[in-house]
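Working notes, structure below.
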Amino acid sequence: MAEDCLFCKIVAGDIPADKVFEDDDLLAFKDINPQAPVHVLIIPKKHVPSLDGLEEGDAALMGKLMVAASRIARDLGVSGAGYRSVFNTNKDACQEVFHIHLHLLGGRKFSWPPG
């Protein structure tokens with residue numbers, strides 16, 4: 001856990017979140033500034049700053065995160081129509097919290113390119 005990390009504080013229970021999924025390794029909660037009717041952040045409980053911080057030993061954890069994203073999309077009713085899953089990596093890609101997180105967005109039609 002990183003002491004100054006917002007998401008680590010959510011994992012620790014120091015900051016409340018509207019949780020939609022949790023297990024021993026992962027936490028998923030609603031984004032406080034949603035960009036779609038469904039906007040969930042899925043994070044590993046282990047602190048990893050970004051995709052660039054992943055190591056070979058994190059492969060199973062990240063696979064578990066992706067499987068959880070699929071399950072959450074089904075549970076929230078967006079898998080049939082479609083949803084977007086996004087990792088923003090580092091400053092130029094608009095990563096604001098430097099704890100790896102997957103944005104799961106759904107409930108509306110998206111366009112391409114995203115921006």
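- In terms of the side chain to side chain contact (heavy atoms under 4.5 Å, CB included) criterion, residue partners of D52 (sequence neighbours excluded) are, by chain and number, S50, T89, N90.
- Applying the salt bridge (Lys or Arg N to Asp or Glu O under 4.0 Å) test to every pair with at least one member in residues 92-103, sequence neighbours left out, gives no pairs at all.
- Judged as a side chain to side chain contact (heavy atoms under 4.5 Å, CB included), and not counting sequence neighbours, the contacts of I15 are L6, K9, I10.
- With E55 contributing its side chain and G53 its backbone, the two residues share no donor-acceptor pair below 3.5 Å.
- Judged as a ring-ring contact (aromatic ring centres under 6.0 Å, His included), and not counting sequence neighbours, the contacts of F29 are F7.
- Every side chain to side chain contact (heavy atoms under 4.5 Å, CB included) that A36 has, sequence neighbours left out, goes to L105, R108, F110.
- Listed by chain and number, the residues in a salt bridge (Lys or Arg N to Asp or Glu O under 4.0 Å) with D14 amount to none (sequence neighbours excluded).
- Listed by first and then second residue, the salt bridge (Lys or Arg N to Asp or Glu O under 4.0 Å) pairs involving residues 28-41 are D18-K30 (not counting sequence neighbours).
- Members clustered with I100: V20, F21, L26, V38, V40, I42, V48, L51, L54, L61, M62, L65, M66, I72, L76, V78, Y83, F87, L102, L104, by chain and number, using a 4.5 Å side-chain heavy-atom cutoff among hydrophobic residues.
- The backbone N or O of C8 lies less than 3.5 Å from no partner atom in the side chain of E3, so there is not a single donor-acceptor pair.
- The stretch residues 34-47 participates, sequence neighbours left out, in these salt bridge (Lys or Arg N to Asp or Glu O under 4.0 Å) pairs: E22-K45, K46-D58.
- Take R71 and apply the salt bridge (Lys or Arg N to Asp or Glu O under 4.0 Å) test, not counting sequence neighbours, and it matches D75.
- Note: H47 NE2 to C5 SG = 5.0 Å, rounded to the nearest 0.5 Å.
- In this structure, R74 and S79 approach most closely via the heavy-atom pair CG-OG, 3.4 Å.
- Residues satisfying the ring-ring contact (aromatic ring centres under 6.0 Å, His included) criterion with H39, sequence neighbours excluded, are H103.
- Nearest heavy-atom pair across S111 and R84 is O-NH2, 3.0 Å.
- Side-chain N or O atoms of H101 include none that pairs as donor or acceptor with a backbone N or O of Q95 at under 3.5 Å.
- Legend: residues meeting side chain to side chain contact (heavy atoms under 4.5 Å, CB included) with D4, ordered by chain and number and at least two apart, are A2.
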